Amino acid sequence: MYKAPRGTSDILPEEQGYWRYIEDKAVALCRLYGYQRLDTPAFEDVRLFARSIGEGTDIVAKEMYTFKDRSGNTLALRPEGTAPVCRVYVEYGLDNLPQPVKLYYLATIFRYERPQAGRYRQHYQFGFEAIGDADPALDAEVIDMAWQFFLSLGLNQLYLQINSIGCKICRPPYLESLKHYYSAHVADICPDCKARIVRSPLRLLDCKKPSCHDVAEAAPKGTDYLCQGCQTHFEAVQRYLRILELPFEINHRLVRGLDYYTRTVFEIQPPGEGAQSALGGGGRYDNLIEELGGKPTSAIGFAAGMERIVLNLKGQEIPVPSLPRPEIFIAYLGAEAKLEAVKLASALRQDGIAVTMAVGDRSLKAQLRQANSLGSNYVAIIGEEEVKRQAVTLRHMISGEQQVVSPLTLRKLLKKVTRG
RNA sequence: GUGAGCGUAGCCCAGAGGUCUAAGGCGCCAGGUUGUGGCCCUGGAGAUCGAGGGUUCAAAUCCCUCCGCUCACCCCA
């Protein structure tokens, strides 16, 4: 028997309420903040990702779904959402629009990873990017927007963490100092961290092993090494966040896994200890557009994992609106009545009313049972009696009241009742 | 890539060598009402017990291999 590939999942009708809920909130949020939707292909030239995310990152080194197509081009299923947006910005000359350009996406992301709770090989991300300005007020607006998104979903007790990882001027000296510090403490750290000293020093700070905790706590702080520009920027961001009354905290150990980040990085965490728990994260990437062939352009963005949001909505028992149900179910008894039922269903749909018609010539009892489980408020019953009288029996499923009316009257009644 | 746990009907699961022709609940179908749902009652369908091999007089149950799922590490949303 065929099964969904490892790390992928099917979103069955009964789950769709969560997804519609999240998407609706995302779209409403983007309207409020002035972001426009952008859809890009599921795959891109592999180099777009390799260059932007960083050759040394896990995502590029071992997690991309890379393939050659029949003409020999090497493509990759998108492993993140920011690079394609930047590609579009450069390719279509969006630098000619008033800046910053604000775009959002709801898209599938693909990474070849070992699946576990909240981590999949295909997942959905909602993300938004503001490209074309370095104003710290824009950082604050993006962080605010991310925070308001989760608030609008009804999620509680979230943590907002921010940090600054500097720029290409002040980060190298900091990394040197970090390496120097850790080299002096190799005896106290885990084997993974020893490897990180060379491979990805920033990640040293992120190690969750208790044994490394003290060493990381005492490590040089990136914010102490910021150049004048980055320092001023970071302070300004915090000032705006305070004005917005966002409950942020500075986490000196917050770093992010993609190479393109500069200055502000931030993450939103749910309550509890979950393993790979970040609901969303983002940051500034002031060099990326230029690296992709555009003019030097500052930008900042955010992305959230939709599956993790669903997980948290369920965990916090947040109710989501139920999906639409048929307004009326049409039951029939006998071949002649069936013809009338088909006609009535068509007429009601012309009126814009959601109709489910019974099929399969089953007992009235079975048909009503089905109407009940579909959750329709009304059932129209057409049997021999009704055919003879050119009428239908309209049953209200909540009160149980019934009346015999003409098809025309039925249409008028339903139009009135289902409006609004 | 590493480690741990788990695979019994569509779903949740009992079962721990013979009493298993595998129990129960949900769901599904039908009847209780010659044309009336939700509650209740009755009945029914639905399981190569993940696959293959082995031990044994006897395997859902013990052993091995494989496959799959889950959780954790790594890393990320």
Side-chain angles (χ1 to χ4, degrees), chain A residues 1-9 12 14 22 53 56-63 78-82 106-127 146 149-150 190-193 195-196 199-200 203 206-209 255-258 267-270 273-282 301-312 329 331-334 337 358 360 362-387 392-402 404:
Chain A
M1 207 208 303
Y2 291 110
K3 290 202 259 190
R6 175 147 218 212
T8 68
S9 53
L12 298 176
E14 61 187 33
I22 297 168
I53 299 169
T57 59
D58 279 13
I59 292 177
V60 170
K62 51 191 188 191
E63 293 179 355
R78 70 176 152 235
E80 67 102 36
T82 298
L106 287 157
T108 45
I109 301 292
F110 305 87
R111 287 180 206 165
Y112 186 85
E113 305 184 89
R114 234 12 216 273
Q116 68 188 75
R119 202 183 69 184
Y120 310 96
R121 290 184 175 175
Q122 181 188 146
H123 73 276
Y124 286 86
Q125 283 187 11
F126 162 52
F149 174 55
F150 292 111
C190 69
D192 284 339
C193 279
R196 284 195 263 252
R199 197 163 47 86
S200 53
R203 300 227 69 88
D206 210 21
C207 186
K208 294 173 195 80
K209 292 216 173 59
V255 296
R256 299 194 43 83
L258 295 82
E267 228 168 64
I268 289 166
Q269 304 273 353
E273 284 299 302
Q276 59 298 303
S277 57
L279 279 167
F302 168 83
M306 309 253 287
E307 285 78 0
R308 289 184 185 178
I309 293 172
V310 172
L311 241 39
N312 278 271
F329 184 92
Y332 64 89
L333 288 161
R362 299 193 300 157
S363 70
L364 183 60
K365 181 185 182 129
Q367 296 180 64
L368 282 165
R369 211 178 3 241
Q370 185 180 359
N372 187 63
S373 79
L374 290 175
S376 49
N377 284 332
Y378 291 94
V379 173
I381 300 167
I382 308 176
E384 286 175 34
E385 279 302 307
E386 287 82 355
V387 171
V392 307
T393 297
L394 177 64
R395 176 179 180 81
H396 187 237
M397 293 296 274
I398 293 158
S399 66
E401 284 167 15
Q402 298 191 172
V404 180

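Just so it is clear, the structure is predicted and the values come from calculations on it, not from any experiment. Every chain is numbered from 1 and lettered A, B, ... according to where its sequence line falls, protein lines coming before strand lines.
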query: When you measure from the side chain of A:D58, which nucleotide among B:C29, B:C75, B:U36 comes out closest?
result: B:C75
Closest nucleotide among B:A72, B:A77, B:C69 to the A:A117 side chain: B:A72
With a non-hydrogen cut-off below 4.0 angstrom, is [X] in contact with a base, only sugar-phosphate, or nothing?
X      : value
A:K3   : sugar-phosphate
A:I109 : nothing
A:E385 : base
A:F126 : nothing
A:L279 : sugar-phosphate
A:R121 : nothing

- prompt: Looking at side-chain heavy atoms only, is the closest gap between A:L258 and A:E80 below 4.5 Å?
  reply: yes
query: So A:H396 and A:Y378, would you call those rings parallel, tilted or perpendicular, with 30° and 60° as cut-offs?
result: tilted
Taking only N/O atoms, report every protein-nucleotides 37-40 of chain B pair under 3.5 Å with atom names and distance.
from: B:G37; atom 1: N7; to: A:R395; atom 2: NH2; distance (Å): 2.8
from: B:G37; atom 1: O6; to: A:R395; atom 2: NH2; distance (Å): 2.9
from: B:G37; atom 1: O6; to: A:M397; atom 2: O; distance (Å): 3.4
from: B:G37; atom 1: N1; to: A:M397; atom 2: O; distance (Å): 2.3
from: B:G37; atom 1: N2; to: A:N372; atom 2: OD1; distance (Å): 2.9
from: B:G37; atom 1: N2; to: A:M397; atom 2: O; distance (Å): 2.9
from: B:G37; atom 1: N3; to: A:N372; atom 2: OD1; distance (Å): 3.2
from: B:G38; atom 1: O4'; to: A:N372; atom 2: ND2; distance (Å): 3.1

- request: Tell me, please, which residues at least two apart from A:T393 pass side chain to side chain contact (heavy atoms under 4.5 Å, CB included).
  value: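 For A:T393, the residues satisfying side chain to side chain contact (heavy atoms under 4.5 Å, CB included) (neighbours in sequence not counted) are A:I381, A:E386, A:Q402, A:V404.
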message: Tell me whether the count of non-hydrogen atoms from other residues, nucleotides or ligands lying under 6.0 Å of CZ in A:F150 goes above 12.
response: yes
task: Take A:K62 and A:E80, find for each the nucleotide of RNA chain B with the closest heavy atom, and name the residue whose nucleotide sits nearer the 5' end.
output: A:K62
query: Do A:Q367 and B:U36 share a donor-acceptor pair, side chain to base, under 3.5 Å?
result: no
- prompt: Looking at B:G35, does its base get a donor-acceptor pair with the side chain of A:E386 below 3.5 Å?
  reply: yes
task: Walk me through it: do A:E63 and A:R121 pass the test side-chain contact (heavy atoms from CB on, under 4.5 Å)?
output: CA-CA 9 Å; A:E63 293 179 355; A:R121 290 184 175 175; over 6 Å; no
task: Can you see which heavy atom on A:P79 is nearest to which on A:I109, and at what distance?
output: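 A:P79 and A:I109 have their closest heavy atoms at O-CG2, 3.2 Å.
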query: Where is the tightest heavy-atom contact between A:P5 and A:T8, given as atom of each residue plus distance?
result: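 Shortest heavy-atom separation between A:P5 and A:T8 comes out as O-OG1, 2.6 Å.
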Does a nitrogen or oxygen in the side chain of [X] sit under 4.0 Å from OP1 or OP2 of [N]?
X      : N     : result
A:R362 : B:A30 : yes
A:Q116 : B:A72 : yes
A:R256 : B:A77 : yes
A:R6   : B:C69 : yes

Write down the protein N/O and nucleotide N/O pairs, taken from nucleotides 47-52 of chain B, whose separation is under 3.5 Å; answer none if there are no such pairs.
none

query: Does the ring center of A:F302 lie less than 6.0 Å from the ring center of A:F149?
result: no
field: Interatomic distance at C1', B:A14 relative to B:G7, whole Å
entry: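 Each nucleotide's C1' atom is 15 Å from the other's.
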- prompt: Roughly how far apart, to the nearest Å, are B:G10 and B:G50 at atom P?
  reply: 13 Å
query: Applying a 3.5 Å limit to both distances, which nucleotide forms a Watson-Crick or G-U wobble pair with B:U42?
result: B:A30
- request: Can you tell me the distance, in whole Å, between the CE atom of A:M1 and the P atom of B:C67?
  value: 19 Å
